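Not measured: the values here are computed from a predicted model.
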Amino acid sequence: MKSKSLIKRNWQRYALQWGVLFLLVVFMSGLANLLSSKSEAPDPEALCPLGGIEALATYIQRGSLPCSMSTLEIVMGVALAAAVILFSKLFCGYLCPVGTIEDLMIKLRRRLKIKELTIKSGSVLDKLLRVVKYIVLFWIFYMTVSDSELFCKNLDPYYAVATGFKGEITLWMSIVTVSIVLFCGLFINMFWCKYICPLGAISNTFKFWAWVLGLGLVWWVVSIIGIDFPWWLILASFCLAGYLLEILCGKPKMQIVNIVKDGDACNGCGLCTKNCPYHIDLATIKNGRLNAVDCTLCGECVASCNQNALNIGVCKKKDSAFLKFVPAIITVVLTVAAYFIGSSFEIPTISETWNLELLDAEGNVISRKDPSQLETLRLEGLQSVKCYGSSMAFKAKAEGIRGVYGVKTYVKKHNVDVLYDPNMVTPERIQEEVYVPAKFRVTAPDPTVYDSLKVVTIRTEKMYDNTDIYMLGLQFGLSGKKIYGLESEFACPLIVHVMMAPDETVTEEEFKELVNKKVLRMPLHGGTKFKETPVDYEFVRLEPGESRKNTIEFLEEMFEEFEAPCFGLYNDAEGKEFIEKRADHYKDAQQYVYEIVNTEYDKPIVKMMMPFLSNHLSRHEGVISVGLHLNCDYKPAIMIRFAKPMTAEEIWKLITLETWTITYSEEDVRDEPAKLLFEKPGEVYEVDPSMLN
């Protein structure tokens with residue numbers, strides 16, 4: 001049967017497959033943001049069921065979630081498992097973008113008339129290859145649970161393509177997996193899905209859910225009687241059981257919905273087997289339901305049958321033609337339900353307690369903290385709490401506060417619950433301890449115009465995080481007022497000093513309107529796109545009075561400098577190699593500074609890119625240091641100190657290369673796109689020898 005007829009008779013499957021693929025292209029390419037005039041970084045992991053199952057396993061073992069995983073991904077993973085247990089591998093057959101690409105590779109091969117390579121199901125080669133996905137499954141789960149980082153991103157072909165090979169990937173792994181999907185998929189039907197995909201391994205194992213449940217009960221009984229096995233042994237048992245069940249049984253019998261065959265109507269044409277993506281041999285079924293571990297209920301066999309001998313039915317019963325739509329409907333219903341359920345609540349990324357028990361020198365419990373004495377303080381909008389690592393950093397800070405006994409972090413909403421004893425510490429004291437005073441320069445005043453700035457003080461609420469000053473500063477910068485900077489000082493309500501032009505006036509009502517905005521809408525790329533960030537600050541009052549601050553002092557305090565010395569490999573008098581600071585090596589040589597001035601260099605993104613610039617330039621002899629400083633005119637400038645044999649012309653050539661060479665380690669040296677763009681050459685001046693260290 002031709003592909004066009006298959007698509008027409010099985011349109012519900014193709015609508016879902018290609019619809020998902022189209023939406024992924026729209027969102028991952030940024031087209032959706034362009035059409036809506038927004039600029040939000042797309043999250044390739046947002047609805048990933050594999051990441052959700054990894055996150056659930058990590059939570060069960062460690063009591064924490066890996067990286068930015070949340071309840072939504074976990075519920076998606078649970079929905080996938082439920083679909084497999086009750087119905088079949090619906091995600092694989094209807095939603096998975098990699099599975100869709102594998103399907104398209106089959107159609108491309110047929111269009112190009114390339115001969116298919118067939119690996120017969122049940123053959124020795126087939127059984128040997130099937131173990132690969134269980135090895136990959138063990139590997140990624142072991143690494144994820146051990147490090148609390150989503151390891152599958154390193155080799156996931158979907159993630160690599162969705163991020164343009166710029167995400168948290170291991171490049172060679174991603175190239176290998178993408179090549180397997182495309183190249184092997186072109187010659188062998190569903191090669192990735194059948195033999196490599198770890199999600200396929202999980203799905204195939206869950207098809208034998210009764211056995212998995214039995215295995216879980218065995219481990220539970222073993223733990224009850226006091227035998228303690230390492231967690232990875234349970235993972236290995238799951239993988240081994242799945243593999244053995246797949247190659248030895250291969251026929252799960254507990255699904256509600258199945259492919260059902262009417263042997264009397266079958267004419268033996270073989271179109272069903274030919275068009276099945278997995279080449280499941282339906283000729284072996286005389287009457288009744290199909291039991292095959294590879295079946296995804298995709299409906300290709302049903303669409304291929306001209307005799308209506310194949311249908312989708314409940315259990316062993318063949319029902320109405322409407323049932324062919326059931327797998328697609330179930331897929332949509334489960335996905336939508338999982339999305340809304342997963343979005344309605346959040347599992348904490350970490351849930352840690354400490355010092356609840358007082359132990360003696362021998363480790364015996366002397367006393368326990370009474371839970372009824374403890375209370376919980378909710379801190380909202382902590383933008384710096386955004387992953388497992390930052391959650392643990394917050395925990396480390398909270399552990400140093402007397403009277404605090406635990407924290408829970410919720411990274412999606414950037415909230416933290418702090419468990420504390422109100423008899424020992426107050427909520428205000430906790431907020432003071434966790435708060436780091438912050439400052440933010442909105443824009444640079446001209447010291448030749450204003451020798452000093454006016455400083456007024458406002459009070460705000462719901463600004464628990466030091467990054468809130470940054471967000472509020474951006475909000476003030478969009479106001480059109482001559483506001484140059486903000487500086488916070490902890491108090492309840494929070495103290496925020498606002499530095500502005502002496503001739504500028506901002507009324508209390510204007511401050512209130514600016515602070516109470518619920519969305520920060522930052523224009524990007526000339527104002528054609530916007531990045532919208534929810535904020536929830538509250539204005540309390542404008543304090544009476546004002547003060548003055550010297551403009552040059554303001555510029556110096558607000559500017560964050562960067563300085564990276566460079567090192568070289570040299571030979572001593574005996575010819576032995578040693579590493580020495582280039583500043584020491586060239587201390588008697590004439591040194592120069594290559595200075596590039598740009599008012600945009602005080603932005604945080606520039607400082608973030610400076611280590612890359614230093615890394616790139618330090619490979620070349622003569623470069624002594626790379627820094628970001630205010631020059632003598634108090635303007636931000638990149639300053640590259642060098643001596644011969646390096647020249648200013650060579651520096652300009654190096655920094656304007658399209659690719660920079662970055663050394664991460666001796667074994668990991670990469671050519672990456674330039675991190676900074678330079679429009680015009682800088683100026684060179686000699687360094688006064690008396691100024692050298």
Side-chain angles (χ1 to χ4, degrees), residues 20 23-24 27 40-86 90-91 95-96 140-141 144-145 147-153 156 158-159 162 167-168 198-199 202-203 206 231 330-353 376-395 406-419 465 533-534 536:
V20 168
L23 289 175
L24 286 174
F27 282 99
E40 299 291 336
D43 183 6
E45 307 160 8
L47 303 177
C48 175
L50 177 59
I53 297 174
E54 287 179 79
L56 180 59
T58 307
Y59 192 78
I60 292 172
Q61 172 57 28
R62 297 173 60 109
S64 62
L65 296 179
C67 50
S68 59
M69 289 289 99
S70 70
T71 310
L72 178 58
E73 289 83 10
I74 289 178
V75 176
M76 285 293 175
V78 171
L80 176 139
V84 171
I85 291 170
L86 296 174
L90 299 181
F91 176 82
L95 298 180
C96 179
I140 65 172
F141 269 70
T144 297
V145 175
D147 299 334
S148 203
E149 292 289 340
L150 209 62
F151 185 76
C152 66
K153 293 187 292 186
D156 183 358
Y158 155 69
Y159 181 80
E168 300 170 55
L199 188 58
I202 294 173
S203 299
F206 278 143
W231 67 269
I330 292 172
T331 302
V332 173
V333 170
L334 280 176
T335 302
V336 172
Y339 179 82
F340 282 104
I341 293 172
S343 301
S344 63
F345 68 101
E346 187 174 0
I347 295 174
T349 297
I350 66 169
S351 180
E352 301 276 347
T353 58
T376 299
L377 170 66
R378 166 62 63 93
L379 301 177
E380 299 178 339
L382 299 182
Q383 296 297 322
S384 59
V385 178
K386 55 188 177 183
C387 63
Y388 173 78
S390 56
S391 296
M392 294 303 290
F394 184 91
K395 177 211 168 191
V407 296
K408 293 181 181 179
T409 64
Y410 302 87
V411 300
K412 287 295 183 183
K413 294 182 179 179
H414 307 292
N415 295 338
V416 174
D417 287 341
V418 180
L419 186 67
D465 197 284
T533 305
D536 190 27

Gap separating the [atom1] atom of [X] from the [atom2] atom of [Y], nearest 0.5 angstrom:
X: M392; Y: T349; atom1: CE; atom2: OG1; value: 11.5 Å
X: Y158; Y: C48; atom1: OH; atom2: SG; value: 7.5 Å
X: I347; Y: L65; atom1: CD1; atom2: CG; value: 6.0 Å
X: H414; Y: D465; atom1: NE2; atom2: CG; value: 9.5 Å
X: L382; Y: T409; atom1: CG; atom2: OG1; value: 10.0 Å
X: T353; Y: L419; atom1: OG1; atom2: CG; value: 7.5 Å

Does CZ belonging to F345 count more than 12 external heavy atoms closer than 6.0 Å?
->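 Correct, the count exceeds 12.
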
Measure the shortest side-chain to side-chain distance between [X] and [Y] over non-hydrogen atoms and say whether it is less than 4.5 angstrom.
X: K413; Y: E346; answer: yes
X: L86; Y: I330; answer: no
X: S203; Y: L80; answer: yes
X: L334; Y: F91; answer: no
X: I202; Y: F141; answer: yes
X: M69; Y: V411; answer: no
X: L72; Y: Y339; answer: yes
X: E54; Y: P66; answer: no

Shortest non-hydrogen contact from [X] toward [Y]:
X: V75; Y: A338; result: CG1-O, 3.4 Å
X: G381; Y: N415; result: N-OD1, 3.2 Å
X: P348; Y: Y59; result: O-CE1, 3.4 Å
X: C152; Y: T144; result: N-OG1, 4.4 Å
X: S64; Y: I350; result: CB-CG2, 3.8 Å

Looking just at side-chain N and O atoms, do D417 and T376 make a donor-acceptor pair shorter than 3.5 Å?
->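 Checked: D417/T376 side chains show no N/O donor-acceptor pair below 3.5 Å.
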
